[in-house]
J.: 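I have a structure here, written as structure tokens, and I will follow up with some questions on it.
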Amino acid sequence: MASAAPHAPPWPSSAPTNSASSSPPPSSAPAPGVRCFVPEADRSASAALAELSGGGLLRCASPAEAARDSALVIVLIDADGVDELFFGVEGIAKGLCTGAAVLIRSTLLPSQLEKLEQKLADEKKDVLLLDGYIFSGLSDELKQQIVVVASGRQDVAERARQFFNGLDKTIYFAEGEFCTSSKIRLVNDLLESIHFIASVEAMYLGVRAGIHPSIIYDIISNAAGSSRIFVELVPKLLSEDPLLIDFLNSSKKNASYVMDMAKAVTFPLPLLGVAYQQLIHGSSAVIGDVSASPLKVWEASFGANIVDAVSQQIYDASKLADQLVMESKSAKRIGFIGLGAMGFGMASHLLKLGFYVVAYDVYKPTMARFDDLGGSTKGSPEEVAKDVEILIIMVANEFQADSVLYGSAGAVPVLSAGTSVILSSTVSPGFVIRLNKRLEAECRDIKLVDAPVSGGVKRAADGTLTIMASGTDEALHCAGAVLSALSEKLYIIKGGCGAASSVKMVNQLLAGVHIASAAEAMAFAARLNLRTRSVFEILQHARGYSWMFGNRVPHMLDNDYTPYSAVDIFVKDLGIVSCESSNSRIPVHVSSIAHQLFIAGSASGWGRYDDAAVVKVYETLTGVKVEGKPPLLSKEDVLHSLPAEWPEDPMDDLVSVASRNSKKIVVVLDDDPTGTQTVHDIEVLTEWPVEALVEQFLKLPTCFFILTNSRSMTADKAMLLVQTVCRNLEAAAKNVPGVSYTVVLRGDSTLRGHFPEEADAAVSVLGEMDAWIICPFFLQGGRYTINDIHYVADPDRLIPAGETEFAKDAAFGYKSSNLRQWVEEKTRGRVSEKRVSTISINLLRKQGPNAVCQHLYSLEKGSVCIVNAASEKDMAVFASGMIQAELKGKKFLCRTAASFVSARIGIKPKPPICPNDLGLKRALTGGLIVVGSYVPKTTKQVDELRSQCGQSLRVIEVSVEMVSMKSTEDRDQEISRVVELGNAYIQNRKDTLVVTSRQLITGKTPEESLEINYKVSSALVEIVRRIDSKPRYIIAKGGITSSDIATKALEARRAKVMGQALAGVPLWQLGPESRFPGVPYIVFPGNVGDNSALAKVVQNWASPSRISTKQLLLNAEKGGYAIGAFNVYNLEGVEAVVAAAEAENSPAILQGFDSVMVDGSHLTLGENILYTKSISSLAHAKGLLVEAELGRLSGSEDGLTVEEYKARFTDVAQAEGFIDETSIDALAVCIGNVHGKYPPSGPNLKLDLLKDLRALTLKKGVSLVLHGASGLPRELVQECIDLGVRKFNVNTEVRNSYLESLKKSGKDLIQVMASAKEAMKAVVTEKLHLFGSAGKA
């Protein structure tokens, strides 16, 4: 298909744009150009069509002629004249052929477009309509490109894509259902209109403040207040360009369409509403019947003639700055007050440059951080100000500035004569002027420099701020060196103190309005049911874009309002604008509305949120959600939509192919230890001297891993490390005849890590490869690559990787989910998206390994190839084809996730390993779980672990602030505290979780974030190194954490991968040289598993816990049996009970471990209740079961005898009150049972009474206990169990068996003890069977 499409003219025409162009279908003879119909009066549309088509326009006499026999017709049209153009006598509809598609770019509202679509369908049932938004790309990325956004039926949109992709300088987006494109255009028009009026207000406010308009334009165009409308409009405003009238009228008309749409969907647009009124006001100037320049209207409104202001003498503010820096005086001793986000960066940068900086801030931890950097801090502004040459003030507002200068312990009284004060806070020009007068009144030659800054936290730390400065020449010369040190762009503004703050005020007016307008636009887009993230991506290239739109909308889309600049900052800054404009009697309508929106946000509780949270005002008012959540793709639906897998299993072929090339060893450089997630019986080296590598090569393994842990390093260090490893591999291979190897760079399946740096480093040693292979598929972690998009499953949806928390990584963040675009992004354009080759799932599943081999073999040398995969079979097919290509002489460098490695070496999976597999049954110590990973998934897993295992788990939280931000003494104290607790818990068989505090602390740069990570990781290493209690098992959570623990804390030089503790969770056996050889080491990645995964592993590997007495009785109640509780008096008795219970697999109770027996049966009922109640309260507070006795047994026990006449049966009525009052868990009753021996006539139990007591205790949830079980016949015991007795206390028979054994002579002491133990064990065993508990453990 060949055709052409017009685009919007650079300046919208005031006349209707009614035109059409078309191209013939593929079956027709190719036309020499594009046929078009353009009214004679409409030159702009003709030019637009010519630009899009590359020339060669064939002008037609009518729309019908232009459309005749064409597969695609492109229409430019305003709201007027639609019916005539389409359905007139020679309208487009007359010439449309069967199956034609019409792409219309119009100013029609969506409702009007839908009517047009219906009418066209009624007349031409087989003609399909696409809605189009067409504009010239204005971003650096798409400059001089034509952007076409088409919406409608997907198949039709894809047909149009084929045409537009064939044109030079054209970018095509297919976006959503019909009318989506026009809705996106309305959002852009909203932004353009608001930015138009904001630019006018800002320029006139600056001129009234005495600033030359050209200076304002030059500075703001490169500052945060810039927008594309500002850059386009202001030159026309200053030159009184006639096109300004067209610009104004076009904006007014477009704003009216947006207002109509807002009314139709019932959505408030306060900013656009007032901007629209201002556009109407500006266009009210007429001469006769013709529109006149709006400058006269604005001159009357704002009280300034901007054209006259332009004619005033101009100067170059940046050249003045250059001259100032050359002539400035040196200063070394700097005072700095205000170490907030910006201030800390500025002060620390001055330190790096060698200035002596003494600082003060009200927040003590920040001062401690500054001390750690080598700065000096004092306890008040007064102390800071003594003996400094320059004092910098960087506080939040005018009140704070006044306080630190003139308040209690203020700076001004102690300033030395001649000191320069640099005020960098954003304050009103009036405040600066008043402050300057106060300082002059001191008569000590204290000089004030008005120097507000712009650029954000990162630029502050880097010394690349934009600074506007004004003041006397002498003041500026004294401060010039410091201002230069802090800035990338320095502007000197003439006009004295207050002039620079006036420029900053203008910038903040624009910045605040642009944030608020971005919120209004994105909320409106959400109300229009647009995909907000797609809207943002498209409008980045359009005319409605501003710097703040590009910077703040991502915060809205991510629903992340971590404050970089807070809502309250713009309450203050736009308040300055409001106050100054009021004093100057200048109406600033749009900025006043923006100010009210920020005030509304602050009043709603969002004042300390990021300023992008102003969008919450719209969300709360209208119920929309701007958050651009990824498309809800069902994992199941997507996977089911793919072709069937390759029918053959290539694994066997793969193994045989690999065996023919048996000396080709796969060496995996793993950037953290989690890369062993899919392999077993493979060795891992944590050191790589040539000798160790030679030893490994001599074993001729299929594969081995080298743990580099390079992800924890800076890029430069990672490159040096990889080069070292590769050189050592080369040297080792030369010492082993006939061996060869191939290197795999195992990286993160969520695309984090040093790419392309590590690949570049490897190639610099190993030589150029035929191709780099990028393959991040990892089934166990839920990572899939489909149609070149890399997804993360969560858990039933597929989320594009670029939309996940992993893409926000402080060190390795990225934007692109499309792997081809990701390669371009990470290589910074060195490898363009178009140069990246793809192996599709279709190729893998329909053509198989041979096709993979052919594709790889045909790649140009030095190519990059990405691999799509959605199953292990896909991975095996690719690996098989790749090996074939290698056998033909091709060399590849693979950057992959874990799944590729197991496929490449043909390893078959095996089930997860459990403790029994390693012979771990009983344990004398607890396990150790160490968590350092900060990904949100890990935090959720830790929360779930604590929830599920809270009772058996001991948790020690390591303060990240203490170990990474505080003094060395504080750090050592925190480490010692954790070690002491850890040793105690592990020795006491308690599984112990050592977890870093979950508040993520990041640096201002990726390098600083890695440094903080290092400090935290090294603290965890020191903790584990100093824990000397050998744990039952060790789990290390997080890649960096697990590597450092293994190599530095446990001193392992090599390990063997035994398998996995859970899918994707490797289990290592550390080498004999390690501190705890034989202890299972579980490497748990930070990004693997669902929320309960960590809890599952801990539960599988935890020290077997003893079931409580209460749980034993509950189990007995469910099972209908009883449990024996045995009174023992020595170690042999304990061993006898335990041995019998283990042999019979039976529960048993050793009296007194986690229960209390309260016997107040000798007391009156009231005394018994009070006594039992007090003990019960104490015991329950410690989690102990409480058993009490009601009624009184006769007989002898433990040397006490109760005569028969003193015995009392348990009374049912009394028992009910007793249970209610005491809250006991088990009731021992008297129904005729006795302690010791029963009379010769045998026991006489009141079973009817037992039956009534059972009914009561069952109702109350209390277990029924019978003392005096010794001597009861088997049949009677069974009857008692049937009637609900769940615990029998046994004493006499066990004790008697012990005594009888001792009476036997002829044995030494050891034999006597053994014999006694066996005698007691026999009695216990018999009772376990009698009570029915044998086999129930």
Side-chain angles (χ1 to χ4, degrees), residues 650 654 657-658 661 664-671 675 678 703 722 726 741-749 751 753-763 766-779 783-786 788-790 801 818-824 826-827 830-831 833 835-841 843-844 847-870 872 874-906:
L654 181 62
V657 168
N661 197 28
K664 188 83 165 181
I665 298 170
V666 177
V667 181
V668 183
L669 306 193
D670 199 356
D671 69 355
T678 60
C703 167
V722 170
C726 289
Y741 66 94
T742 183
V743 167
V744 173
L745 300 175
R746 204 294 302 186
D748 179 42
S749 63
L751 307 180
H754 293 295
F755 176 85
E757 291 85 358
E758 290 186 344
D760 288 334
V763 166
L766 304 176
E768 187 178 6
M769 301 289 166
D770 289 292
W772 291 0
I773 306 296
I774 310 294
C775 182
F777 165 78
F778 176 41
L779 181 68
R783 321 288 192 248
Y784 303 88
T785 308
I786 302 168
D788 299 343
I789 306 293
H790 193 55
N818 183 300
L819 287 185
R820 291 183 292 109
Q821 295 170 1
W822 177 82
V823 169
E824 180 171 347
K826 299 303 284 187
T827 61
R830 188 182 86 197
V831 180
E833 173 189 352
R835 289 179 50 209
V836 179
S837 177
T838 294
I839 295 214
S840 68
I841 288 179
L843 184 145
L844 293 170
Q847 301 178 54
N850 291 338
V852 172
C853 174
Q854 184 177 353
H855 182 94
L856 294 176
Y857 197 78
S858 65
L859 293 175
E860 293 182 11
K861 196 171 187 68
S863 295
V864 176
C865 179
I866 65 168
V867 181
N868 288 273
E872 298 281 18
D874 293 338
M875 205 78 272
V877 170
F878 172 75
S880 180
M882 177 180 163
I883 289 175
Q884 292 180 37
E886 286 180 325
L887 291 173
K888 294 182 178 181
K890 291 293 182 179
K891 290 178 64 179
F892 304 108
L893 180 66
C894 299
R895 175 82 180 187
T896 79
S899 290
F900 170 81
V901 179
S902 53
R904 174 66 179 76
I905 62 178

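Computed over heavy atoms, backbone and side chain alike; hydrogens, waters and symmetry mates excluded.
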J.: State which residues pass side-chain contact (heavy atoms from CB on, under 4.5 Å) with Thr742; sequence neighbours excluded, sorted by chain then number.
T.: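 Partners of Thr742 under the side-chain contact (heavy atoms from CB on, under 4.5 Å) test: Lys664, Val666, Glu886, Arg904.
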J.: Restricting to side-chain hydrogen bond (donor to acceptor under 3.5 Å, both in side chains), what partner residues turn up for Asp748, sequence neighbours left out?
T.: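 Once residues adjacent in sequence are excluded, the partners of Asp748 under the side-chain hydrogen bond (donor to acceptor under 3.5 Å, both in side chains) criterion are Thr750, Arg752, Asn1087.
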J.: For the residue pair Pro776 and Thr785, what are the closest heavy atoms and their distance?
T.: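 The answer is CG-OG1, 3.9 Å.
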J.: Taking all atoms of both residues into account, what is the closest heavy-atom pair of Gly848 and Val877, and its distance?
T.: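 Result for this residue pair: C-CG1, 3.7 Å.
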J.: For Arg830, give me all partners under side-chain hydrogen bond (donor to acceptor under 3.5 Å, both in side chains), at least two apart in sequence or on another chain.
T.: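 Once residues adjacent in sequence are excluded, the partners of Arg830 under the side-chain hydrogen bond (donor to acceptor under 3.5 Å, both in side chains) criterion are Asp760.
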J.: Apply the test side-chain contact (heavy atoms from CB on, under 4.5 Å) to residues Val864 and Arg835: give CA-CA distance (whole Å), side-chain angles for both, the deciding distance (0.1 Å), then the verdict.
T.: CA-CA 7 Å; Val864 176; Arg835 289 179 50 209; over 6 Å; no
J.: What heavy-atom pair brings Arg746 and Ala897 nearest, and what distance separates the two atoms?
T.: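 Nearest pair, atom of Arg746 first, then Ala897: CD-C, 3.9 Å.
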J.: Check side-chain hydrogen bond (donor to acceptor under 3.5 Å, both in side chains) between Ser899 and all other residues, then give those that pass, not counting sequence neighbours.
T.: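 Partners of Ser899 by the side-chain hydrogen bond (donor to acceptor under 3.5 Å, both in side chains) criterion come out as none, since no residue qualifies.
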J.: Taking atom CD of Glu872 and atom OG of Ser902, what is their separation to the nearest 0.5 Å?
T.: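 Taking CD in Glu872 and OG in Ser902, the distance rounds to 5.5 Å.
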J.: Name all residues meeting the salt bridge (charged side-chain N to carboxylate O under 4.0 Å, His left out) criterion together with Lys890; count only those two or more places apart in sequence or in a different chain, and write none if there are none.
T.: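 Lys890: salt bridge (charged side-chain N to carboxylate O under 4.0 Å, His left out) contacts with Asp770.
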J.: Taking only residues two or more places apart in sequence, or in another chain, which ones meet Gln847 in a side-chain contact (heavy atoms from CB on, under 4.5 Å)?
T.: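 In terms of side-chain contact (heavy atoms from CB on, under 4.5 Å), with neighbours along the sequence ignored, Gln847 is linked to Leu843, Ala851.
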J.: How close do Met875 and Phe900 get, counting heavy atoms only, and between which atoms?
T.: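 Looks like CG-CA, 3.9 Å.
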J.: Got a sec, which residues hit side-chain contact (heavy atoms from CB on, under 4.5 Å) with Cys865, two or more places apart in sequence or on another chain?
T.: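 Expected list: Ile773, Ser837, Ile839, His855, Leu856, Leu859.
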J.: Check side-chain hydrogen bond (donor to acceptor under 3.5 Å, both in side chains) between Gln854 and all other residues, then give those that pass, not counting sequence neighbours.
T.: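 Gln854 satisfies side-chain hydrogen bond (donor to acceptor under 3.5 Å, both in side chains) with no residue once adjacent residues are dropped.
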J.: For Thr896 and Cys894, which heavy atoms make the closest approach, and how far apart are they?
T.: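 Minimum heavy-atom separation between Thr896 and Cys894: CG2-CB, 3.5 Å.
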J.: Rounded to the nearest 0.5 Å, what's the gap from OG1 on Thr838 to CD1 on Ile866? Could you check?
T.: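 These two atoms lie 4.0 Å from each other.
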J.: Closest heavy-atom contact between His790 and Ser749?
T.: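 Looking at all heavy atoms of both residues, the shortest contact is NE2-O, 2.7 Å.
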J.: Is a donor on one side and an acceptor on the other found under 3.5 Å between the side chain of Thr827 and the backbone of Val831?
T.: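 Checking the backbone N and O of Val831 against the side chain of Thr827, a donor-acceptor pair under 3.5 Å is found.
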J.: Go through the structure and list residues passing side-chain contact (heavy atoms from CB on, under 4.5 Å) with Ala870, not counting sequence neighbours.
T.: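 With neighbours one apart ignored, the set is Leu639, Leu642, Tyr784, Ile786, Ile841, Arg845, Asp874.
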J.: Not counting sequence neighbours, which residues clear ring-ring contact (aromatic ring centres under 6.0 Å, His included) with Phe755? List them please.
T.: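 Partners of Phe755 by the ring-ring contact (aromatic ring centres under 6.0 Å, His included) criterion, ordered by chain and then number, come out as Trp772, Trp822.
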J.: Measuring from Tyr741:OH to Cys726:SG, what's the distance to the nearest 0.5 Å?
T.: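 The SG atom of Cys726 is 6.5 Å from OH of Tyr741, to the nearest 0.5 Å.
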J.: Does any part of the side chain of Leu751, heavy atoms only, come nearer than 4.5 Å to the side chain of Leu819, both counted from C-beta?
T.: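 Sidechains of Leu751 and Leu819: in contact.
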J.: Measure from the side-chain N and O atoms of Thr678 to the backbone N and O of Ala898, and report whether any donor-acceptor pair falls under 3.5 Å.
T.: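 Such a contact is found between Thr678 side chain and Ala898 backbone.
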J.: Is any side-chain heavy atom of Val744 closer than 4.5 Å to one of Cys703?
T.: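 Cys703 vs Val744: side chains apart.
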J.: Suppose we screen for salt bridge (charged side-chain N to carboxylate O under 4.0 Å, His left out). Which residues come up paired with Arg895, at least two apart in sequence or across chains?
T.: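 Arg895: salt bridge (charged side-chain N to carboxylate O under 4.0 Å, His left out) contacts with Asp671, Glu758.
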J.: Is the shortest side-chain heavy-atom distance between Leu893 and Leu745 below 4.5 Å?
T.: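 SC-SC contact between Leu893 and Leu745 confirmed.
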